[in-house]
There are 2 protein chains.
Amino acid sequence: MSADQVPSEQVPSEQVAALRRFNRYFTRRIGALDDHYLGQDRPLGEARLLFEIAGTPGGVSLRELRGRLGLDAGYLSRMTKALQTQGMVRISVDPQDNRLRTIEPTDAGRLEVTEQNRRADALAAGLLDTLTPVQRDRLVEAMATAQRLLRLAAITVDLVDGAAPDARACLDAYAADIDARFPEGFDPSDLVRPQEVSGTAGAFFVAYEEGRAVGCGALRTLEPGVGEIKHVWVHPRARRLGLARRILAALEDEAAARGHRVVRLDTHASLTEAQAMYRAAGYREIPAYVDHVYASHWFEKRLGPR
Amino acid sequence: MSADQVPSEQVPSEQVAALRRFNRYFTRRIGALDDHYLGQDRPLGEARLLFEIAGTPGGVSLRELRGRLGLDAGYLSRMTKALQTQGMVRISVDPQDNRLRTIEPTDAGRLEVTEQNRRADALAAGLLDTLTPVQRDRLVEAMATAQRLLRLAAITVDLVDGAAPDARACLDAYAADIDARFPEGFDPSDLVRPQEVSGTAGAFFVAYEEGRAVGCGALRTLEPGVGEIKHVWVHPRARRLGLARRILAALEDEAAARGHRVVRLDTHASLTEAQAMYRAAGYREIPAYVDHVYASHWFEKRLGPR
DNA sequence: AGAGTTCTTTGACTAAAGTCAAAGGATGAG
DNA sequence: CTCATCCTTTGACTTTAGTCAAAGAACTCT
């Protein structure tokens with residue numbers, strides 16, 4: 001369950017109907033085309049597997065494929081062997097770990113995938129072909145917008161323990177990210193301690209997209225009634241979706257639920273987009289509430305009753 | 001093959017890639033949800049069949065279902081019987097044609113479909129739930145735009161014989177349509193004769209969406225070098241897609257290919273949208289070139305070299 | 001070094017999806 | 001009235017997709 005979902009807020013049934021209408025139309029009419037032509041003389045499962053293998057340069061392990069495609073180990077083993085006997089892939093033992101098998105496409109396998117792609121491209125081009133350039137531009141733009149918003153909708157922002165592996169992984173990525181960004185670098189020892197953002201002391205949120213952690217945000221207590229937001233970060237692949245805003249909202253809701261009246265945060269001079277985002281989210285700049293090497297701007301937001 | 005496709009006009013590969021990217025994302029992530037939850041304790045094929053049966057008020061024939069779902073006759077027969085023994089559908093002999101079977105949902109069948117719909121709605125609502133109202137509005141708008149353009153792209157405009165059943169069916173629908181629209185009604189004997197719009201005399205185009213005729217347009221020769229466009233019509237379910245414009249373009253291309261230098265047409269005073277469309281398509285109003293009960297405005301377009 | 005865990009392979013299944021052809025009743029065109 | 005055609009049913013398959021459990025090799029932790 002997502003922590004920032006507010007179930008009281010009703011989704012108009014017209015919007016639900018619109019999504020389902022589009023879903024039906026698209027999966028039945030357009031999406032089906034791709035799959036249907038994908039595996040011409042090959043079972044769909046096998047075609048998908050080959051596609052996945054060829055799409056990963058440098059080879060993939062069976063383990064990785066199993067996770068990505070959600071297949072049974074036995075089933076996958078057999079399909080891979082079938083592809084091998086057909087000369088589509090090469091199976092070798094992983095040099096690091098002799099339990100693992102590394103799968104690579106052969107030239108023949110790569111060729112087949114290229115051919116598949118060519119066919120699918122031709123199909124897509126044939127569809128777009130009847131539209132005028134202006135209509136095509138509009139279609140591409142509409143699809144980009146829809147995809148962006150659907151991705152955002154499919155991301156959940158969950159409350160996790162500050163010591164959880166996902167939380168630490170996000171903080172490590174965050175630290176590496178800003179270390180590269182700040183002229184003076186960043187010292188990871190300045191990250192919040194797990195106990196500061198767990199249990200009654202604070203909170204830690206991780207954003208998940210398809211099971212992968214793609215963002216985080218922390219809340220700790222500065223003084224009674226005052227929360228501090230730290231380490232709001234979004235993975236590069238999930239940027240420009242509006243996710244930081246969602247994480248911020250989850251942190252604010254959590255702060256309000258914990259009885260904080262205001263939340264504060266500081267930010268580095270170089271993070272101008274972040275500052276704009278905070279302003280747009282209702283934060284106003286305040287004098288320094290804490291001295292800090294990396295901070296140059298301080299913000300505060302009064303939490304209204306919700 | 002569509003008659004109005006101009007293969008010389010290249011579709012940018014970036015647009016092809018965008019469509020395929022969206023396609024992949026949507027079918028794998030969003031579309032899959034629906035199907036997965038559709039048949040909870042029932043094979044997918046059976047669930048889809050029941051859905052299709054319940055979605056057609058007044059019952060469907062097996063024949064119709066076979067065509068719509070593209071199923072093997074034997075396979076369909078067995079599945080229908082399975083649904084019958086489960087009490088989901090009622091099978092009866094068609095009163096018109098004793099070879100046909102008419103399938104109707106029972107109350108239990110209808111209930112199950114309603115329940116399925118409820119679940120799918122809840123799923124869709126759950127997805128939209130995390131978005132703000134503004135984001136939801138934008139998503140719905142983007143999906144509507146994409147669907148509109150994809151539908152238009154999937155429609156082909158084909159040259160057919162003026163006497164073909166589809167051509168006649170379109171003209172009948174056209175006649176009924178304007179008969180209801182014109183204050184003075186419309187006399188079907190004023191429709192073009194098949195031989196006027198076939199072979200060397202003229203041309204007839206029918207627009208097809210998923211195999212169904214959803215629009216038409218005729219071209220006949222007025223005098224050497226001058227073509228006349230008649231009966232441009234779009235089925236109510238395919239309006240507001242920009243299809244009339246496509247049909248018009250196909251007619252103009254055909255006229256140019258036949259060596260006409262200009263095309264003319266007349267239109268009724270009450271069809272103001274049509275008049276706006278003609279103007280936007282480069283037609284200019286001219287004096288009456290022929291006297292006609294239903295005509296109040298006359299247009300002409302000079303065909304450039306293409 | 002031993003115990004527990006991880007990863008792959010193999011055998012033994014099952015259910016779903018779909019194909020093909022024969023057969024029989026019903027219809028329609030001539 | 002007859003013959004070709006249409007629609008459905010039935011029998012007899014095949015392929016695809018997927019599951020479960022046992023077993024063995026390799027790794028990790030202590």
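It should be emphasised that the depicted structure is a prediction, and the values quoted were computed from it without experimental measurement. Lettering of chains follows the sequences in order, A, B, ..., and the numbering in each one begins at 1.
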Within residues 70-87 of chain A, those residues having any heavy atom closer than 4.0 Å to DNA chain D are A:D72, A:Y75, A:R78
For residues 204-218 of chain A, the salt bridge (charged side-chain N to carboxylate O under 4.0 Å, His left out) pairs (sequence neighbours left out) are A:R151-A:E209, A:E210-B:R29
Expected rows: protein N/O vs nucleotides 28-30 of chain C N/O, under 3.5 Å:
none

B:L49 CG to C:dG18 P, in whole Å, measures 12 Å
Tell me whether A:H231 contacts the main-chain N or O of A:V192 through its side chain, where contact means a donor paired with an acceptor under 3.5 Å. yes
Residues 87-97 of chain B vs side-chain hydrogen bond (donor to acceptor under 3.5 Å, both in side chains), sequence neighbours excluded, gives B:D97-B:R99
Contacts of A:R237 meeting side-chain hydrogen bond (donor to acceptor under 3.5 Å, both in side chains) (sequence neighbours excluded), chain-then-number -> none
Quick check on C:dT27: is either OP1 or OP2 less than 4.0 Å from any side-chain nitrogen or oxygen of B:N98?
yes
By side-chain hydrogen bond (donor to acceptor under 3.5 Å, both in side chains), B:T85 pairs with (sequence neighbours left out) none
5'-most to 3'-most nt of DNA chain D touching chain A (<4.0 Å, heavy-atom partner on protein side) reads D:dT16 to D:dC27
Contacts of B:P236 meeting side-chain contact (heavy atoms from CB on, under 4.5 Å) (sequence neighbours excluded), chain-then-number -> B:W233, B:R239
Applying side-chain hydrogen bond (donor to acceptor under 3.5 Å, both in side chains) to B:Y208 and not counting sequence neighbours gives B:D166
Residues passing the ring pair (Phe, Tyr, Trp, His ring centres under 6.0 Å) test with B:F186, sequence neighbours excluded, are B:Y294
Sequence neighbours excluded, the answer for side-chain hydrogen bond (donor to acceptor under 3.5 Å, both in side chains) partners of A:S13 is none
Residue pairs passing the salt bridge (charged side-chain N to carboxylate O under 4.0 Å, His left out) test with at least one member in residues 71-83 of chain A, sequence neighbours excluded, are none
In whole angstroms, the gap separating P of C:dT8 from CD of A:E64 amounts to 11 Å
